[in-house]
Amino acid sequence: EKYGVIEDARLFVLYARLNKIANRLKAGEYEISGVTSIIDVAKMLVDGAVVVRSITIPEGKALVEIIEIVKNNPYLSGDITIKLKEGEILPETYHFTRGESRDGILNKAREAMNNVLKKAFLERDKDIPINSVEEMLILASIVEKETGLASERAKVASVFVNRLNLGMKLQTDPTVIYAVTGGKMNLGRPIYKRDLAYDSPYNTYVYAGLPPAPICSPGKEAIMAVAHPVKTKYLYFVADGITGGHRFAKSLSEHNNNVILYRRRMK
C-alpha cells in the first residue's frame with residue numbers, strides 16, 4: 001500500500017484470511033512492477049518468488065580481501081563469526097536472498113572449495129610431486145597469482161612442478177609480497193632486492209619447497225592446472241611485456257635473454 005502496489009492493505013489482509021493463505025505468505029524481497037492486483041500479489045507471496053541476488057568472489061583474492069567483499073555487501077546480514085583459513089574459499093559467484101547471513105555464504109564457499117579440491121586431488125596426474133590436498137591448494141594459489149591468462153596456467157604449473165622435482169627454490173614473487181605485506185597482497189610499490197631476502201617461511205627465494213599455507217584463494221582453473229600440468233622442461237618464465245603472458249625457458253641463459261627482451265619492451 002505504501003509503495004502503491006495495492007490500493008488497500010485491509011482488503012489484502014481480508015483476502016488472505018478468507019482464502020486461508022495468511023499463514024503461507026513468505027517474507028522476503030520481491031520485485032513488483034506498478035499497481036498489481038491483490039490476487040497476483042498474494043500468489044507471488046505464497047510462491048515465495050523472491051529476488052535472487054549474487055555476490056562474486058574473484059580469483060586470486062587473499063582472505064583479508066574476501067572478508068571485505070562479504071562484509072560490504074549490503075544485502076547480507078550478520079557479522080562474520082566463523083574462523084577461516086587462507087585459500088579455503090572458492091572464488092565463484094554465489095546466489096542468495098536478501099538477509100542471508102554472511103557466515104552462510106562463506107560456509108557455502110568453503111564447502112565448494114573442499115569439493116573441488118577433493119575431486120582434483122583424486123584425479124590428479126600421479127607423477128606430480130603433490131602429496132596432499134593442502135599442497136595442491138598451496139601450489140594452485142601461487143599459479144593463480146603468477147598469471148591471469150587461463151591459457152598458460154598449466155605451463156606455469158609445469159615450471160613449479162619441474163623445480164620441485166629438482167629441489168630448486170620456487171623463487172616466485174607473489175610469495176614475497178605475501179610475506180612482506182603480512183597477507184594483504186597489496187605491496188603498493190615494486191619488489192626491492194631487500195624484499196627477496198625477507199625472512200619468512202612464505203618467501204620462496206629464501207626457503208625451498210612450498211610455503212606453509214596458500215597465499216590466496218585460487219580458482220578452479222588454477223587448481224586443475226596443478227592437477228594436470230603440461231609436460232615441459234621449462235624452469236623459468238618472465239613477463240613478455242606484450243600480451244600479459246610470459247616467455248618460458250629451459251635454461252638460465254635462455255631466461256636471461258628473455259629478461260633482456262622484457263626490459264627493452266618496458267623501456
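Using a 4.5 Å cut-off on side-chain heavy atoms (C-beta onward), P129 and V161 make contact. Side chains of I55 and V70 form a contact here, defined as non-hydrogen atoms less than 4.5 Å apart. Counting only heavy atoms from C-beta outward, the side chains of F12 and V5 never approach each other to under 4.5 Å. Between V51 and Y30 there is no side-chain heavy-atom pair separated by less than 4.5 Å. Between H228 and D125 there is a side-chain heavy-atom pair separated by less than 4.5 Å.
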Under 3.5 Å, side-chain donor or acceptor atoms of residues 210-224 against the rest of the protein: list the pairs with distances, not counting sequence neighbours.
residue	atom	partner	partner atom	Å
S217	OG	I89	O	2.8
K220	NZ	E92	OE1	3.4
E221	OE1	R153	NH1	2.5

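With hydrogens and angles disregarded, no donor-acceptor distance shorter than 3.5 Å links the side chain of D8 to the backbone of E1.
Cation-pi geometry between R163 and F160 is not met: the NZ or CZ atom fails to fall both under 6.0 Å from the ring centre and inside 45° of the normal. K155 forms no cation-pi arrangement with F237, by the criterion of a distance under 6.0 Å to the ring centre and an angle within 45° of the ring axis.
Ring to ring, Y192 and Y198 are not that close: their centroids are 6.0 angstrom or more apart.
Remark: Y205 OH is packed, more than 12 non-hydrogen atoms of other residues, nucleotides or ligands lying under 6.0 Å away.
Contacts of E135 classified as side chain to side chain donor-acceptor pair (under 3.5 Å), with partners at least two apart in sequence or in another chain: none.
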